[in-house]
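Notes follow once the structure below has been shown.
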Amino acid sequence: MSITARSDSKENIFMIECKNVILRELLVTDLDDFHSLTWQPEIHECLPGWNVSKEQREDWLINYEIPENKQFLNAVARSEDIGELRIRLGIILKETGEFIGWCCSGIKDELLPPNREIMYAISKDHRGKGFTTQASQGLINYLFDSTNVKVLSAIALLNNVPSNKVIQKCGFTFQSIIEIDNESYNYYKLDKKDWTDKH
């Protein structure tokens with residue numbers, strides 16, 4: 001698994017290369033694809049609140065998500081503490097260059113510290129192919145290898161079998177069932193030591 005950055009449109013675009021997909025920082029040109037995916041019922045049923053208007057998505061993307069990605073990556077480049085900064089990466093299918101989902105990490109306030117979460121979503125057209133697991137493992141590897149993160153959390157709705165499988169395949173250990181906003185989730189943790197021992 002390699003982490004690469006390449007030049008694109010005179011800018012350095014951060015990427016993590018996996019077997020079949022590439023994780024890359026979000027770009028303004030992702031807006032249409034990103035917005036479209038958030039309205040797939042398979043995604044917004046598991047991620048309520050993500051299916052906002054295109055105008056709202058554009059505002060978040062340009063004014064919050066892209067700038068915070070830059071802050072996160074700059075902190076890593078300077079070997080600084082990433083604190084509560086979030087990173088949000090698009091999942092790009094290598095074969096076609098298509099934007100097929102996203103993989104992110106940030107603080108989950110509803111969890112007890114350390115509470116840096118990893119979360120993801122993928123298009124209904126690309127499920128069951130191992131792409132989400134590849135993307136998640138790529139981001140986990142990057143976080144443990146390049147930042148001061150020592151523990152990661154993940155949650156999945158009890159009935160979201162695919163998401164629970166991805167979390168388990170990434171080596172997370174089940175902790176308990178928790179309630180967030182009247183929904184029950186499986187709550188998992190992954191220690192850096194356990195990850196590095198296996199990779």
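Looking only at distances, a side-chain donor or acceptor of Y120 sits under 3.5 Å from a matching main-chain atom of S163. Between the side chain of N141 and the main chain of Q137, no donor-acceptor pair closer than 3.5 Å is present. Side-chain N or O atoms of T196 include one that pairs as donor or acceptor with a backbone N or O of K193 at under 3.5 Å. With R86 contributing its side chain and I107 its backbone, the two residues share a donor-acceptor pair below 3.5 Å. Looking only at distances, a side-chain donor or acceptor of S136 sits under 3.5 Å from a matching main-chain atom of T132. With hydrogens and angles ignored, the 3.5 Å screen pairs a side-chain donor or acceptor of R116 with a backbone N or O of G83. K94 places a side-chain N or O within donor-acceptor distance of the main-chain N or O of C18, the cut-off being under 3.5 Å. No donor-acceptor distance shorter than 3.5 angstrom exists from the side chain of N148 to the backbone of E80, with no hydrogens or angles considered. Between the side chain of E65 and the backbone N or O of L26, no donor-acceptor pair lies under 3.5 Å. In this structure, S105 contributes its side chain and E117 its backbone to a donor-acceptor pair below 3.5 Å.
Using a 30° and 60° split on the angle between ring planes, F144 and W195 fall in the tilted class, from 30° to 60°.
Residues R127 and I43 come closest through the heavy atom pair NH2-CG1, 3.8 Å. In terms of heavy atoms, C170 sits closest to L190 at O-CD2, 3.8 Å. Shortest non-hydrogen contact noted between L37 and S123 is CD2-CB, 3.5 Å. Closest of all the heavy-atom pairs between E179 and N182 is OE1-C, 3.8 Å. Between S146 and V76, the closest heavy-atom pair is O-CG1, 3.4 Å. Nearest heavy-atom pair across F131 and I122 is CB-CD1, 3.6 Å.
To the nearest 0.5 angstrom, K129 atom NZ is 8.0 Å from I100 atom CD1. Note that the OG atom of S184 and the CD1 atom of I155 stand 11.0 Å from one another [nearest 0.5 Å]. Atom-to-atom distance recorded for L61:CG and K54:NZ is 11.5 Å, nearest 0.5 angstrom. With values rounded to the nearest 0.5 angstrom, L27 atom CG is found 11.5 Å from I62 atom CD1. Note: I92 CD1 to M15 CE = 10.0 Å, rounded to the nearest 0.5 Å. Summarising the geometry, atom CD1 belonging to I22 is positioned 11.0 Å from atom CD1 belonging to I16; distances are rounded to the nearest 0.5 Å.
Among R57, H35, R24, the one residue that satisfies the side-chain hydrogen bond (donor to acceptor under 3.5 Å, both in side chains) test with D30 is R24. Checking D32, L31, N63 one by one against E58, the side-chain contact (heavy atoms from CB on, under 4.5 Å) holds for a single residue, L31.
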**Study point:** From CA spacing to verdict: side-chain contact (heavy atoms from CB on, under 4.5 Å), D191, K150
**Key:** CA-CA 6 Å; D191 289 316; K150 299 281 191 290; over 6 Å; no
Practice item. Carefully, step by step, assess F72 and F14 under the rule ring pair (Phe, Tyr, Trp, His ring centres under 6.0 Å). Key: CA-CA 11 Å; F72 184 104; F14 174 79; 8.4 Å; no
Exercise for review: Please test F172 against N186 for side-chain contact (heavy atoms from CB on, under 4.5 Å), starting from the C-alpha separation and ending with a verdict.
Suggested key: CA-CA 11 Å; F172 283 81; N186 285 322; over 6 Å; no
Practice item. Output, in order, the C-alpha distance, side-chain angles, deciding distance and verdict of side-chain contact (heavy atoms from CB on, under 4.5 Å) for M119 and K108. Key: CA-CA 10 Å; M119 58 82 56; K108 183 76 172 169; over 6 Å; no
Review point. Given L23 and I91, is the side-chain contact (heavy atoms from CB on, under 4.5 Å) satisfied, shown in steps?
Key: CA-CA 5 Å; L23 287 174; I91 302 175; 3.8 Å; yes
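Between S153 and Q175 the shortest side-chain heavy-atom distance does not fall below 4.5 Å. When side chains are defined from C-beta on, L73 counts as touching I87, because their heavy atoms get closer than 4.5 Å.
Heavy atoms from other residues, nucleotides or ligands lying under 6.0 Å from CZ of F174 number more than 12. No more than 12 heavy atoms of other residues, nucleotides or ligands sit less than 6.0 Å from atom CD of E84. Counting non-hydrogen atoms of neighbouring residues, nucleotides and ligands closer than 6.0 angstrom, the CD atom of E95 reaches no more than 12 such neighbours. In D197, the CG atom is crowded: over 12 heavy atoms of neighbouring residues, nucleotides or ligands sit closer than 6.0 Å.
Under a hydrophobic clustering in which Ile, Leu, Val, Met, Phe, Trp and Tyr are joined whenever their side-chain heavy atoms come within less than 4.5 Å, directly or via other members, V166 and L158 fall into the same cluster. Residues Y188 and V151 do not share a hydrophobic cluster, defined by chaining ILVMFWY side chains whose heavy atoms lie under 4.5 Å apart. Both L85 and I118 belong to a common hydrophobic cluster when Ile, Leu, Val, Met, Phe, Trp and Tyr are linked at side-chain heavy-atom distances under 4.5 angstrom. Clustering ILVMFWY residues whenever any of their side-chain heavy atoms sit less than 4.5 angstrom apart, transitively, puts W60 in a cluster other than the one holding I66.
For the residue pair N160 / Y185, no side-chain donor-acceptor distance below 3.5 Å is found, with atom types taken as modelled.
Annotation: ring pair (Phe, Tyr, Trp, His ring centres under 6.0 Å) contacts of Y187 (sequence neighbours excluded): none.
Within the structure, ring-ring contact (aromatic ring centres under 6.0 Å, His included) contacts touching residues 89-109 (residues at least two apart or in different chains) are F34-F99, F34-W102, W50-W102.
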